[in-house]
Amino acid sequence: MTNETSAAPTIPKQKWIDHGDALELLPPADFSFDATLGYLTRSANECMFHTDAESGSLYRLIPCSDRPGDHALVKISGADGSILISPAEEGTALPEAPLARAAVAAYVWDWFDLSVDMQPFYDLARHDPLLSEAVKRFYGLRIVGITDLFEALCWGVIGQQINLAFAYTLKRRFVEAFGQSVQWNGRAYWTFPTPEAVAEATVDDLTPLQLTGKKSEYLIGIAGLMAEGSLSKSKLLQNMDDIRALEKELTRIRGIGPWTANYVIMRCLKHPAAFPIEDVGLHNAIKHLLRMERKPTIEEIERLSVDWGNWKAYATFYLWRVLY
DNA sequence: CTCCAGGGTTGGA
DNA sequence: TCCAACCATGGA
């Protein structure tokens with residue numbers, strides 16, 4: 001049985017095969033599972049999934065529907081040009097409901113951004129002084145998404161103005177305080193906290209995690225907006241034709257500035273023109289690649305990126321990968 | 001001890 | 001619109 005679904009007319013179809021005991025995704029030929037796994041393995045303190053370099057596979061809880069607690073613990077591995085999704089525990093079964101299986105397949109498809117035709121990006125990057133080395137090194141890597149909007153927003157806020165190592169520590173404490181977990185094989189697998197759970201918290205609940213008072217307020221405020229329904233991924237996705245409008249809508253929210261807005265538009269909404277131009281990591285990558293004595297100015301980055309067009313998000317992601 | 005970190009808000013020119 | 005001051009805390 002071959003399943004083909006499409007979320008929007010402009011988005012190429014998802015291609016996957018249901019083998020019963022496993023789902024097999026058929027990504028574009030230039031997709032590299034190893035490059036993706038390499039990216040996902042970069043932080044040892046990541047709490048939302050587990051990578052196993054030895055077996056070349058990846059384990060995480062994946063939602064099967066919108067209902068909290070409805071999820072499957074799966075193993076994801078690369079297999080000769082395709083991606084295999086199977087139960088984490090051998091001998092057990094994937095969810096039976098066709099909708100649940102489709103949801104799992106769609107989640108991974110979106111997570112790895114498999115609908116994008118990368119050829120135009122590679123064509124332009126090959127001759128770009130900043131990008132040529134990065135696309136050679138990480139060929140086949142796509143923007144690894146943060147599918148859940150609340151998770152993307154929280155991760156953006158948490159990561160503001162602190163180093164990445166500490167940011168991962170804070171995220172772990174936040175998830176362990178407000179998320180749900182499943183134990184398997186001596187390890188906990190977590191779902192990201194729901195907006196409802198965080199909206200009920202107070203600043204005094206968050207500051208013991210070493211989140212600052214401001215960040216605690218931001219996280220609770222964002223959780224409230226999402227819990228009441230005034231902020232949702234489906235609503236934002238209706239504005240995909242106007243990235244400026246998206247940016248404006250997000251930056252109206254307390255705690256979300258231009259950097260966080262573009263970060264979320266890039267990692268969650270997957271708009272290809274998202275560009276967190278103020279990002280320190282981007283600055284450091286450019287400084288490194290051009291062997292500069294100082295970090296580039298915004299104006300210099302604007303000049304360097306004039307030809308990136310609708311590929312600014314991909315350019316940023318590949319440049320980050322050079323240093324992180 | 002100093003400097004920096006995948007920024008944001010606030011208040012003033 | 002643009003800038004400085006302030007926020008606050010771990011890592012190197």
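In what follows, chains are A, B, ... by sequence order, proteins preceding strands, each numbered from 1.
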* Can you find a heavy atom in the side chain of A:D242 that is under 4.5 Å from one in the side chain of A:K248? -> no
Under 4.0 angstrom, heavy atoms only, what part of the nucleic acid is [X] near: base, sugar-phosphate, or nothing?
X      : value
A:I256 : sugar-phosphate
A:I253 : sugar-phosphate
A:P276 : nothing

* Asked: Cation over ring, A:R172 on A:F174, under 6.0 Å and within 45°?
  -> no
* To do: Convert the base pairs of DNA chain C into dot-bracket notation, remembering that pairs crossing earlier ones are written with [ ] and that bases paired across to another strand are shown as |; include only Watson-Crick or G-U pairs under 3.5 Å.
  => |||||||.||||
* Determine, for A:E96 against A:R101, whether the closest basic-nitrogen to carboxylate-oxygen distance falls under 4.0 angstrom. => no
* Asked: By a strict heavy-atom criterion of less than 4.0 Å, which residues belonging to residues 158-167 of chain A are in contact with DNA chain C?
  -> A:N163, A:F166
* Asked: Among residues 279-300 of chain A, which contact DNA chain C at a heavy-atom distance under 4.0 Å?
  -> none
* A:Y324-A:R321 side chain donor-acceptor pair, cut-off 3.5 Å -> no
* To do: Report yes or no: do A:Q180 and A:T191 form a side-chain donor-acceptor pair below 3.5 Å?
  => no
* Expressed as a whole number of Å, how far does the P atom of B:dG6 sit from that of C:dA4? -> 23 Å
* To do: Quote, to the nearest angstrom, the P distance that separates C:dG10 from B:dT9.
  => 23 Å
* **chain A footprint on DNA chain B, 5' to 3' - any atom under 4.0 Å from a heavy atom** => B:dA5 to B:dT10
* Structure fact -> When A:W155 and A:T251 are each assigned the nearest nucleotide of DNA chain B, the 5'-most assignment goes to A:W155
* Asked: Heavy atom of residues 317-324 of chain A under 4.0 Å from DNA chain B: which residues?
  -> A:W320, A:Y324
* Quick one: list whatever passes ring-ring contact (aromatic ring centres under 6.0 Å, His included) with A:Y168, sequence neighbours left out. => A:W155
